[in-house]
Amino acid sequence: MSEADGIARMIEALLFAAAEPLSESDLADRLPAGADIVAGLEMLRSLYAGRGVELVRIGERWRFQTAADLAFLMTRERQESRRLSRAAHETLAIVAYHQPVTRAEIEAIRGVQSSSGALDILLELKLVRMRGRRRSPGRPVTWGTTETFLEHYGLASLADLPGVAEMKAAGLLSLDLPAGFNVPDPSAVKPDEDPLDAPETPQFHLDYLASDTEPT
Amino acid sequence: MSEADGIARMIEALLFAAAEPLSESDLADRLPAGADIVAGLEMLRSLYAGRGVELVRIGERWRFQTAADLAFLMTRERQESRRLSRAAHETLAIVAYHQPVTRAEIEAIRGVQSSSGALDILLELKLVRMRGRRRSPGRPVTWGTTETFLEHYGLASLADLPGVAEMKAAGLLSLDLPAGFNVPDPSAVKPDEDPLDAPETPQFHLDYLASDTEPT
Amino acid sequence: MPQPTLDFEAATTAADDGEALIVDIDGYEGPLDLLLALARNQKVDLLKLSISKLADQYLAFVREARRLRFSLAADYLVMAAWLAFLKSRLLLPRAERPAEEAAPAEAVAAQLAFRIAKLDAMRRASEALKSGPILRRDVFTRGDPEAISIVSRRRMDGDLRGLMAAYVQPRARDGDRAYRPQPMESYRLDDARERLRSFLPQMTAWTPLTRVAPESASGDGPSRASFIASTLSAGLEMVREGEIEARQLAPFAEIYLRSAARA
């Protein structure tokens with residue numbers, strides 16, 4: 001590599017990393033004494049000519065910028081919000097730990113009236129799904145987490161969700177928690193749930209409850 | 001200009017403009033359908049090889065960065081990052097080379113009783129994350145490194161950790177320590193023998209297991 | 001089983017060899033760290049370490065530390081005892097070793113050497129990571145990314161810790177609210193019995209239990225389930241007393257009652 005090449009390399013790195021355009025004297029301050037900055041800039045300009053990124057001079061200063069004809073690539077995407085809202089995050093956590101859980105139960109735990117917006121967002125992100133129906137009056141839909149949820153959090157199974165011990169170890173549980181605070185085991189079998197498509201054979205429990213609403 | 005050249009140009013512009021590394025699917029979202037992104041990246045990589053700015057792969061994503069040998073020029077851009085303590089850095093190395101690894105295993109390798117402070121710091125810096133749980137008694141949480149870790153140390157993948165292949169070949173990364181390995185565990189002292197001095201701190205392993213089996 | 005003894009003579013020899021370290025116990029993060037420092041002093045492949053020599057060095061160190069009245073943490077002393085014991089076992093002739101000995105002393109020594117080598121490897125790895133090209137120290141990304149934001153969409157924020165925190169927040173708020181279960185109001189057995197008895201004259205044919213039990217009043221009062229359960233209990237008592245008969249055709253099928261005293 002020639003010396004001129006070496007200088008061009010250094011200018012390239014400096015201009016790339018700089019937070020604002022640099023003048024030739026800015027560059028001279030940071031390069032070895034006697035470096036031929038004009039030649040280096042000229043070399044870079046021809047090297048980048050026609051590339052996706054070009055070296056341009058703005059007044060007395062130099063900067064790299066993307067080629068003007070590629071502007072169409074740059075305007076399309078706006079930053080998408082990747083962060084879940086607090087409500088959605090809390091709802092997700094409750095679904096994860098308490099599944100199968102109904103909307104009313106989520107609202108009871110969160111102490112708020114409405115959770116459908118949060119559930120819609122989570123449903124769209126494929127983090128939660130409808131699991132089935134609770135065997136209780138009104139047969140409310142129960143919610144649970146998806147495979148995507150497990151993948152995102154790097155969990156092999158629901159049994160791998162951190163429990164109380166880990167919450168304590170992470171300093172998340174303060175000492176003034178209500179006595180008897182516990183975290184349900186989401187992998188435990190919950191018998192009071194039906195699949196979403198109701199079974200053909202009614203069960204005693206259902207019959208019994210159903211008889212409640214039958215005209216007599 | 002060939003079509004492949006045109007794609008390389010677009011990728012170049014996108015990666016220059018991006019605030020963080022982009023994955024091949026990020027690029028695919030913005031490029032014309034059917035663009036050969038792999039070929040474009042390869043073209044750029046060889047084009048930039050040896051220059052002041054280089055194209056590198058970080059995990060599954062790509063970024064331009066200044067050449068490492070020009071670090072001496074970058075005095076103004078350098079940000080003195082918070083220096084990790086020796087304990088924290090060693091813990092980070094153990095997590096990186098042994099992941100997924102439990103806290104007890106980290107402590108066994110370091111030969112100390114406590115590593116939670118170091119893990120907290122690394123967690124806060126987003127260098128490590130909880131990965132899941134080990135399928136062993138007590139189901140302890142396992143730790144691993146993050147994308148931020150790869151970005152910070154400029155690693156294309158975990159296989160690029162310095163010396164990892166040699167350590168693996170020498171069996172140094174095995175977590176299956178032989179039975180008599182946990183010396184000087186006082187509990188390994190023969191029953192008819194009094195230890196010189198019982199340790200003040202209870203065995204971490206036992207503690208941890210006990211806390212995990214707490215009623216929930 | 002011999003009591004472990006501190007081999008002070010060998011320790012002194014090691015110290016006289018000029019191999020003892022300057023005693024600075026604060027510089028070490030526990031016995032294993034100290035052992036690694038001593039082992040590095042031997043300047044051999046750590047896997048070929050002389051554990052016997054290492055034990056001497058360690059004991060010399062501990063002895064010196066105690067002479068200087070450093071208070072040594074218990075684990076340093078436990079390690080000293082263990083090393084002294086291991087060394088004595090290593091020195092024993094093979095034949096004299098008790099047959100029931102679980103792990104041969106050589107194997108245990110090799111494991112210790114391996115463990116030291118492992119810590120050493122991690123320490124070197126830590127150094128290697130630190131000396132590599134580090135972002136914003138050695139390598140730099142674009143200092144002025146262009147105004148439009150192009151961000152990777154592959155990643156979504158959120159990790160397990162965040163999930164745990166999100167779970168704890170509402171649950172902690174939950175603690176402020178006391179849980180007061182509503183005591184269930186139940187239909188009294190005596191009432192059920194009285195009602196059933198009043199129906200007896202009309203119950204000459206099989207009558208479903210569900211028709212006999214009272215309908216639940218809207219709002220307060222016992223639930224329908226309680227009405228049915230209490231009526232059934234009262235009915236069974238009356239069956240025992242011979243006042244009525246009951247039958248059920250299949251498990252979980254409707255239960256029928258009729259008066260036993262049919263005209």
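Labels below follow one simple rule: chain letters A, B, ... track the order of the sequence lines, proteins then strands, and each chain is numbered from 1.
Here the side chain of B:T142 pairs a donor or acceptor atom with the backbone of B:G132 at under 3.5 angstrom. Judged by distance alone, the side chain of B:Q99 and the main-chain N or O of B:A96 form a donor-acceptor pair under 3.5 Å. Side-chain N or O atoms of B:R61 include none that pairs as donor or acceptor with a backbone N or O of B:R57 at under 3.5 Å. Here the side chain of B:R133 pairs a donor or acceptor atom with the backbone of B:R139 at under 3.5 angstrom. Of the possible polar contacts, one joining the B:T66 side chain to the C:F140 backbone as a donor-acceptor pair under 3.5 Å is found.
Within the 4.5 angstrom heavy-atom criterion, atoms from both the backbone and the side chain of B:A87 approach chain C. Using a 4.5 Å cut-off between heavy atoms, B:L161 touches chain C through its side chain atoms alone. Interface remark: B:R110 contributes backbone and side-chain atoms alike to the contact with chain C (heavy atom separation under 4.5 Å). For B:M167, the part lying near chain C is the side chain, with the backbone staying farther off; criterion is any non-hydrogen pair under 4.5 Å. Both the backbone and the side chain of B:L173 come within contact range of chain C, judged by heavy atoms closer than 4.5 Å. The parts of B:Y153 that come within reach of chain C are both its backbone and its side chain, each placing non-hydrogen atoms under 4.5 angstrom from that chain.
For the set C:L129, C:L86, C:L119, the entry with the most heavy-atom pairs within less than 4.5 Å of chain B is C:L129. Taking B:H98, B:R129, B:E166 one by one and counting their heavy-atom pairs under 4.5 Å with chain C, the maximum is reached by B:H98.
A donor-acceptor contact closer than 3.5 angstrom is absent between the side chains of C:S50 and C:S52.
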